[in-house]
Protein chains: 4
Amino acid sequence: MSVKTASHGRIDKRQAILAAAFTVFARQGYSQACVQEIAQEAGVAKPTVYNHLNDKENLFREAMTEASAELTGALLAAVEPLRDPGDDLRAALVAVGDRLLELYCEERSWALRRLLYAEVARFPELGCGVDKLTEALADRFARFSLQGKLDVQEPEVAAEQFLALLTGPMDNRTAFGTRPAPAAELHSVAESAVRTFLSAFAS
Amino acid sequence: MSVKTASHGRIDKRQAILAAAFTVFARQGYSQACVQEIAQEAGVAKPTVYNHLNDKENLFREAMTEASAELTGALLAAVEPLRDPGDDLRAALVAVGDRLLELYCEERSWALRRLLYAEVARFPELGCGVDKLTEALADRFARFSLQGKLDVQEPEVAAEQFLALLTGPMDNRTAFGTRPAPAAELHSVAESAVRTFLSAFAS
Amino acid sequence: MSVKTASHGRIDKRQAILAAAFTVFARQGYSQACVQEIAQEAGVAKPTVYNHLNDKENLFREAMTEASAELTGALLAAVEPLRDPGDDLRAALVAVGDRLLELYCEERSWALRRLLYAEVARFPELGCGVDKLTEALADRFARFSLQGKLDVQEPEVAAEQFLALLTGPMDNRTAFGTRPAPAAELHSVAESAVRTFLSAFAS
Amino acid sequence: MSVKTASHGRIDKRQAILAAAFTVFARQGYSQACVQEIAQEAGVAKPTVYNHLNDKENLFREAMTEASAELTGALLAAVEPLRDPGDDLRAALVAVGDRLLELYCEERSWALRRLLYAEVARFPELGCGVDKLTEALADRFARFSLQGKLDVQEPEVAAEQFLALLTGPMDNRTAFGTRPAPAAELHSVAESAVRTFLSAFAS
DNA sequence: CATGAATGAGATTTCATTCAT
DNA sequence: GATGAATGAAATCTCATTCAT
C-alpha cells in the first residue's frame, strides 16, 4: 500500500529470485540449470526473472555474490569469540574450529564452493574477493602473539594453515561434499587441527 | 594393416579422443563443451566419438578417469623419494612438497579439480576413488615413526594434514587456479608447510 | 492545468507518440521496432502508448497515415507554382521537378516508401490512398493543354509519365535510398525528365 | 545412389530450402517469417535449415540473391529480341515492353521488390547489384542510335527513362502489387510508354 | 490518465544423438 | 569402422499486452 511496502515487494521479489536461483544452480550447476526452473522455484514467470536480472550470467553472478556474502558473514561471526578467548585458548580454538567446520560442511557451503570452482574460469570476478576469513583470523593470531599466548611470526600464514588443517581433510572425507560427515568426525578433525596448530605455534 | 596395427590404431584413436575430450572439457566445462568440438579437436567425425564412447556422459567419465589416473601416478611418483629420505628429513620433505605443489598447480591439475568439483554431484563415482596419495604418504610417515624420525600417532591424519598445509593455501593465493603462482611463492608455501608439520610431529 | 491545456497536452502527447513511432519504424522496420523503444523515444511509459493507440498495428497505421499526409502536403505544395508558370514553361517544370525530387529523396520519404512497400501486404489500406499528386499534376497539364502550351490527350497518363521520368531513375541511383544523391545529380535527372517530357508533349 | 546423386540430393535440398524461404519471406516479410515455417514449407526439420544456411540473415540473403538472379535472367532474356528488331521498331519496343511489364507484375516480382525495399536498410548489399537490365537496354539503344533508328545522346539515361515510363505507373495502378492489373491495362501502359519514348527519341 | 511490474506466447539457435552410406 | 546429413528436444531471450496502483 505505502511506497515502502511497494518497494519492499520489489526487493522481496528480487531476493526471492536470487534465492531460488542459488538453490537451482546448486542443484544442477550453472549450465544445466535453466531459467525456466529458477522462475518456477521463485514462483514467478520467466520474463520476470529477466526483468529483474538481465540475463543468465548476471543472474548467476548476483546469486553467487549474495550466497557468498551470506556465508562469509557467518564465517566471520564464527571467529568473533576469539576476541575474548578466556583462559583456555585450546578450548576456544576447538570451539571456533567446530563452528567453522560446521559451516564449511553445510550443504549450501559445498554447493557454493562447487559452483565457484566450476565457474571461476568463466566468471573470474567471483574468485577475486579477498579472503576476509583468513584476514580476520590473522588479526586474532597477531593479538595472541602480542599477548604472549602464541608464537606466530607471520599471522597470515598461520591463519592460512589453521584453516587448511581444518578444512583440507574434508574434501576426501566427504567425497567433495557428496557424503555427509558425522558431527563426531567433524569434531575429531577440529581437535586434530588445533592440536597440530598449537604444537607448532604454542608460545 | 596387420591386425595388431589396426588394433593399435583403434586404441590410439580412442586415446586421442579421450585426450581431446579432456582438453575441451577443461576449457569449457562439461555442459558448455560440445561433442562436435571434441571431435574436431581429436580430428575425427562426430559419429566416431559415439562409436568409441557411448555418449557424452560416458565420454566425460572416461576422460576424467584417464586424466585422474595420470595425475595420481605423477603424485605417487613424487612421494617415492621418501622411501629413502637420506639424513636430512626436512630437506627431503621440502623437496617432495615442492614437487607435489608443482604438480598440484599445473594447469591440467586445476582443470581436473575444477571439473571434479563441478560435476561430482552428477557423477558421484568420480569422487569415490580412495585417496592413494594420502595413503602412500601415511605409509611413509608410519615408517618414519617406527624409525624414530617422527612422532606420529595417526599416520593417516598426519598425511592429511601435511597435504592440507601444502595445498590449502593455494586456492586463495591463485584465485582457484586462475592466476599463476610464481615458483618462489610455491617454494615458500612448501617450506612453511614443512616447518609447521615438523614442529608438530618431530620426534 | 486548464481544460484546454489538458486537452492540448493530450493531443500533443498523441502527436509525440506518433512522431516517435514513425522515427522508430523508419529506423527498424515494423516488426523489428518494439513498442518499448517507441515509448522511450516519445518519453512516455509503454502503457501510455497503449492508452492512446490501441495496439501496435493501429499505432503503425496511424503513424504511417500521419507521415504520409505530411509528405503528400509538401508534394502538393510543390506543384502549386504551376498554376502560374510564367512565360518559360520549361523552366517552371524544371523548378517543380527539382523540388519534387528533393522531397522524394529526403530520408523520411525513403523511409515512408520502404515501410509502405514492406507492409502493404499486411496493411492493404495503406496502399489505397488515391494518388493526389498525380491528379493535381494532371489538372495542371490539362490546363496547359487548353491554353495551347502542351499537347496532352490524356492528362492522367502524362502526369504519371512525368512523375515516372522524375523518380524512376532514383531507385537504382541511390540504391533504394541507401546512398545519398548529390544535388547536382538530382538536378540533372530533373532536366532530363523535363526534356523528354517536353519532346513528347510540346504543342 | 551414386556419388553424383548424393551430391545432387544435397544441392537439391539446399535449393528446396531457398525456394521455400523465398516463398515464406514473400508471404510474411523478413521478420514475421519464422524459420520453423520455412522448414515446414521445405519439408525438412528446422536444424536442417541451420545446417545448410547458417542463420536467418544468411538464409534471407541467399534466398533473395537466388530469386533476384532468376528475375534478372528473365528480364535480360526479354530484351534480347531487340538485337534483331526487324523493320518496325515501334512494334518491337512494344513487344519488349509488354514482356517486361508482364515479368514486372508477376507476384514473385512484386514480392521481391517489396522485400528489397523493406530490408535494404538492414541488408545493404542487396541493393548494390548493378542494374544489368538498364545496361543491356542502353546497349541496344546505343546500337539503334548508330544505325540511325533513334536519336539518343545518353543511352543510359534513355534506358532509365524507358524503364521508368514502363514501370513507374504500376505502383499506383496496382496498389503496390496488391491489386492485379488486367493484361489490357498492362498493354496500354506499354504502348503509352513507347509512344512517349519514341516521340522524344525518334531520329 | 500515467506507470512499474508481470506474463503468455513464441522466436532463434544449439546440441546430443541417430541413420544411411 | 568412419562419416555427412538430419532431427527432436530444449534453452535463452524478446515482445506485445495487461493489471494494479
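Chain identifiers are assigned alphabetically (A, B, ...) following the order of the sequence lines, protein sequences preceding nucleic acid strands; residue numbering begins at 1 within each chain.
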Between the protein and nucleotides 8-10 of chain E, are there any N/O to N/O pairs under 3.5 Å, and if so, what are the atom names and distances?
unit_1: E/dG10; atom_1: O6; unit_2: A/Lys46; atom_2: NZ; d: 3.3

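For B/Glu37 and E/dC15, the CD to C1' distance is 12 Å, given to the nearest whole Å. Following rounding to the nearest Å, C/Gln40 (CD) and F/dA16 (P) show an atom-to-atom distance of 13 Å. As rounded to whole Å, 12 Å separates atom C1' of F/dA16 from atom CG of C/Leu59. Between the CD1 atom of C/Ile38 and the C1' atom of E/dT3 there is a distance of 18 Å, given to the nearest Å. If you measure from atom CG of C/Asn58 to atom P of F/dA16, you get 15 Å, rounded to the nearest angstrom. For the pair B/Glu57 CD and E/dC15 C1', the interatomic distance rounds to 14 Å; values are reported in whole Å. For B/Ile17 and F/dG1, the CD1 to P distance is 13 Å, given to the nearest whole Å. Rounded to an integer number of Å, the gap from C/Phe60 CZ to F/dA16 C1' is 16 Å.
With pairs defined as Watson-Crick or G-U wobble and both atom distances under 3.5 Å, the stems of at least three pairs that touch DNA chain E come out as E:2-21 with F:2-21.
The aromatic rings of A/Tyr30 and A/Phe123 sit perpendicular, their planes meeting at an angle over 60°, well past the 30° parallel limit.
The line from CD of C/Glu37 to CZ of C/Arg27 is 5.0 Å long, rounded to the nearest 0.5 Å. One distance of note links CG of C/Leu18 with CE of C/Met64; it measures 12.5 Å at 0.5 Å rounding.
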Could you give me the CA-CA distance, side-chain angles and deciding distance for A/Ile17 and A/Leu59, then say whether side-chain contact (heavy atoms from CB on, under 4.5 Å) is met? CA-CA 9 Å; A/Ile17 292 172; A/Leu59 175 55; 4.1 Å; yes
Practice problem: Under the side-chain contact (heavy atoms from CB on, under 4.5 Å) rule, what do D/Gln32 and D/Phe25 come out as? Steps first, then yes or no, please. | Solution: CA-CA 8 Å; D/Gln32 242 67 15; D/Phe25 283 134; over 6 Å; no
Checklist entry - Between B/Thr178 and B/Trp110, is a side-chain contact (heavy atoms from CB on, under 4.5 Å) present by the stated rule, with each step listed? => result CA-CA 9 Å; B/Thr178 295; B/Trp110 279 113; over 6 Å; no
Given the rule in the side-chain contact (heavy atoms from CB on, under 4.5 Å) test, do A/Arg122 and A/Phe60 qualify, once you have shown the distances and angles that lead to the verdict? CA-CA 11 Å; A/Arg122 253 181 323 160; A/Phe60 182 67; over 6 Å; no
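Comparing atom distances between the D/Asn51 side chain and each of F/dA2, E/dA6, F/dA6 picks out F/dA6 as nearest. Residue D/Tyr50 places its side chain closer to E/dT13 than to any other of E/dA2, E/dT17, E/dT13. Distances were taken from every side-chain heavy atom of C/Lys56 (C-beta onward) to each of F/dA16, F/dT3, E/dA2; the shortest belongs to F/dA16.
Judged by atom type and distance alone, B/Asp55 does not reach the base of E/dA16 through any side-chain donor-acceptor pair under 3.5 Å.
Under 4.0 Å is where a charged nitrogen must lie from a carboxylate oxygen, and between A/Arg14 and A/Glu62 at least one such pair does. With salt bridges taken as basic N to acidic carboxylate O contacts below 4.0 Å, one links A/Glu107 and A/Arg114.
An OP1 or OP2 oxygen of F/dG1 is reached within less than 4.0 angstrom by no side-chain nitrogen or oxygen of B/His52. Proximity of C/Lys13 to the phosphate of E/dA2: a side-chain N or O atom is located under 4.0 Å from OP1 or OP2.
A search for ring-ring contact (aromatic ring centres under 6.0 Å, His included) contacts involving D/Tyr117 returns C/Tyr117, C/Phe176, not counting sequence neighbours.
Map B/Val35 and A/Gly43 each onto its nearest nucleotide of DNA chain E; the residue landing nearer the 5' end is A/Gly43. Nearest-nucleotide mapping onto DNA chain F: of A/Ala33 and C/Ser31, the residue sitting toward the 5' end is A/Ala33. Taking the nucleotide of DNA chain F with the nearest heavy atom to each of C/Gln36 and B/Thr48, the more 5' of the two is matched to B/Thr48.
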